[in-house]
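In the text below, chain A, chain B and the rest are named by the order of the sequence lines, each starting its count at 1.
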2 protein chains.
Amino acid sequence: MAATIIDVANRAGCSKSTVSRFLNGSTVIAEGTRARIAQAIDEMGFRPSEIGRSLKRRLTQTVGVLVPSLTNPVFASSVAGIQAQARSAGRSIILATSDYDPDIEKEAVANLLGHNVSGLILTLCNGVSSAALDLIESAGCPFVLLFNDAVGSNGPAISVDNEGSARELTEAVISAGHRRIAFVAAHFASSDRSRLRYCGYTTALEAAALPVLPPLEVHFEGGDTSAVIAELFTQPDPPTALLCSTDILALTAMATLRDLGLTVPNDVSVAGFDGIGLGAMLSPPLATVAQPTWDMGFEAMRLLSEQLAGRMISAPAYLPHALRLGGTLAVPKRSIATSMNNNKAGRKSDEL
Amino acid sequence: MAATIIDVANRAGCSKSTVSRFLNGSTVIAEGTRARIAQAIDEMGFRPSEIGRSLKRRLTQTVGVLVPSLTNPVFASSVAGIQAQARSAGRSIILATSDYDPDIEKEAVANLLGHNVSGLILTLCNGVSSAALDLIESAGCPFVLLFNDAVGSNGPAISVDNEGSARELTEAVISAGHRRIAFVAAHFASSDRSRLRYCGYTTALEAAALPVLPPLEVHFEGGDTSAVIAELFTQPDPPTALLCSTDILALTAMATLRDLGLTVPNDVSVAGFDGIGLGAMLSPPLATVAQPTWDMGFEAMRLLSEQLAGRMISAPAYLPHALRLGGTLAVPKRSIATSMNNNKAGRKSDEL
DNA sequence: ACTGTTTATGGGAACGTTCCCAATAATGCA
DNA sequence: TGCATTATTGGGAACGTTCCCATAAACAGT
């Protein structure tokens, strides 16, 4: 049975109020009393109950964190960033995962709210409209969206410019000489990032007057990716470049292509999104749009702290992304053969 | 301001006791009352405070989880498993990370205990003796160790047989024909797994009367790995095989070897530990000892639930590991040239 | 010595819930 | 009808803390 503040008070020969003051350093305490309390705490291994404390104070030192999955290193890394900042702010985090499922997401949020978290950091399936978000807003709980590119909303959010960066990446692929570019995407319903990235892709292609292919939507961690890709590349006139809405998807795609006897980037170029650490270790390294995932988590937590301190922030903030070209993204063979004026752009991309 | 149970009682025209009974389903409630309460709860969006509840009950529905890092997919995956089982048991998890630092570890555990967690799941730097463990035991808080191969202790633990599997892996490397085998390890002080795996390595080598090289200890997520490996392979008579105490380390090693102009597995074989998902996607796939990380987390949480339900479990449990050979592990060139009787073993390994 | 002010401490209500104990109303049975 | 039993419900203490208010002691200034 853990010691309570009253046990400490009895042992130190003072009242619980004085011990409480000692713990919170609110007022001056006589040197003798102070020493006795310190000794009593030490001897009994007393540690104030966070429960009793937060019941009275009506606010906890915990924040709720909801991400779709921890198996995706993007989210794992962002949670690590959140955790780091939370610790330095003396807060703890309650972790929940949604498995990319809006229903689980809602239930998880309800659960977090029941824990009286002082705030929430969330990566939602859809950052613009979701039952979970309604719940949070009706509870009046401060929150920060993470990765959700909530352009329309007025809530605080930390993200990268998903649409813009996808456009840039697609432009790079185009200027490398590719003309038939496919897009594999996680189901739009479970990831607004996926949808926005596809939008960037279409924008770039339309601007270049190139054919826009419909998105190949796959389940995030399901096994349907390989089948979809295999079908795509056994059709006549397959694409020369494959964009994937996440790095994980890109790696799966590359494994499938290998099984089909195609080499990357010789036969087909591949690029992903996220910039997970292992992508850079591959040979050739995975072309991607790198986002500062750890920093994003860290910054989200900092933003939430600001909010909790009363400083209201309401504009979504974009952190800088970085294109990592080269590696799995190269000049297409057919393009070189058929079109002279792509050479320059192609070589340039090759060097990046 | 969130509604309390009293607000609900007032609105439903009954006492808080009745509402409490409604919430916990402890006794029968008159149909009319039941309906009014349900309606009031619904209208006010009431959600019972986990804080008030756990203060009174003197037990929380939260468990503390401590892992060294989330950036390592091994731990991220195990936390995902913990999370899955926790949700189905109606529990929440408070997450903390130690960064492989025993001091942070202790502080984090103290913090978790302050949250009155009903139990703890921990991956400690050292599962046999640690200040954090002392803290937990003196608090009498139920716990399950995860990944810590706490053979000596009598507490419940979920692990794989680190030493045995390392021995098996080393034996496989030996029978592939390797004679000079080096071992890169995460610092023993921050990972008992690392030490045990090295022990398995030495056992296998000694049994085969081969030279045991001292461990090359590196910082886990530090940048010193490349330098250490580069030095090793620029010395005369470098090893033909490199065992790494984790897959992450192995991937870093392979990138370094590539930079040195060495190819894997042609010039040097590499094997890791853990069996992270991305290792299998590489070409060639990373040879490794795969552990069921997700299942281990799931099982650890299940074990903790058992314990909380009063069924005492005290023996550490090993989950099965699996050797994934082939890929980055092949027959050494020199060995084939110099020794006939290795051919058979070598070819066998090549096929795996 | 008397008042006013500071310094150090104690007492008790409150936070939102559970749960024991009582109290009332309703029912069953002789 | 009377009494025992059951079905519902209400009241209040308790969980461990904080924090407002009160109190006592010490001290300074006249």
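- In this structure, Phe46(A) atom CZ and dG16(D) atom P are separated by 10 Å, rounded to whole Å.
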What protein N or O atoms touch nucleotides 19-22 of chain D N or O atoms at under 3.5 angstrom, if any, and at what distances?
residue: dC19(D); atom: N4; partner: Ser17(A); partner atom: OG; Å: 3.4

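- Checking each of Ile5(B), Thr33(B), Ile41(B) against Phe22(B) for a side-chain contact (heavy atoms from CB on, under 4.5 Å) leaves exactly one that passes, namely Ile41(B).
- Here Ile82(B) contributes atom CD1 and Leu70(A) contributes atom CG; the two are 10.0 Å apart, rounded to the nearest 0.5 Å.
- The aromatic rings of Phe75(B) and Phe147(B) sit perpendicular to each other, their planes meeting at more than 60°, with 30° as the lower class boundary.
- Distance Phe22(A) CZ to dT18(D) C1': 16 Å, rounded to the nearest Å.
- Checked against dT9(C), dT9(D), dT17(C), the side chain of Thr33(A) finds its nearest nucleotide in dT9(C).
- Between Ile37(A) atom CD1 and dA8(C) atom P the separation is 13 Å, expressed in whole Å.
- The side chain of Arg53(A) lies closest to dT18(D) when the candidates are dG16(D), dA8(C), dT18(D).
- Atom CE in Met44(B) sits about 14 Å away from atom C1' in dG16(C), given to the nearest Å.
- What separates CG of Leu55(B) from P of dT17(C) is a distance of 11 Å, to the nearest Å.
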(message) Working note: Phe298(B) + Ile158(B), criterion side chain to side chain contact (heavy atoms under 4.5 Å, CB included); need CA distance, chi angles, decisive distance, verdict.
(response) CA-CA 10 Å; Phe298(B) 191 88; Ile158(B) 297 286; over 6 Å; no

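- Atom CG in Asn116(B) sits about 9 Å away from atom C1' in dG16(D), given to the nearest Å.
- One finds the CG atom of Leu66(B) at 8.5 Å from the SG atom of Cys125(B) (value rounded to the nearest 0.5 Å).
- Contact annotation: Thr18(B) side-chain N/O to dT8(D) OP1/OP2 distance is not under 4.0 Å.
- Asn148(B) and Thr123(B) form no side-chain donor-acceptor contact under 3.5 Å, judged by distance and modelled atom types alone.
- Following rounding to the nearest Å, Leu59(A) (CG) and dA14(C) (P) show an atom-to-atom distance of 20 Å.
- In this structure, Ile6(B) places its CD1 atom 12 Å from C1' of dT18(C), rounding to the nearest Å.
- Donor-acceptor pairing under 3.5 Å is lacking for the side chains of Ser54(B) and Asn116(B).
- Each end of the helix from dA1(C)-dT30(D) to dA30(C)-dT1(D) gets its own axis, taken as the rotation carrying the C1' atoms of four end pairs onto the next four within a five-pair window, and the two axes meet at 40° to the nearest 10 degrees.
- At a cut-off of 3.5 Å, with distance as the only test, no side-chain donor of Thr60(B) or His115(B) sits close to an acceptor on the other residue.
- Comparing Gly52(B) and Ile29(B), the nucleotide of DNA chain D nearest to each residue sits closer to the 5' end for Ile29(B).
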(request) May I have the step-by-step check of side chain to side chain donor-acceptor pair (under 3.5 Å) for Ser190(B) and Asp101(B), ending in yes or no? (result) CA-CA 6 Å; Ser190(B) 59; Asp101(B) 181 333; over 6 Å; no

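- Contact check, Ser15(B) against dG10(D): a side-chain N or O comes under 4.0 Å of OP1 or OP2.
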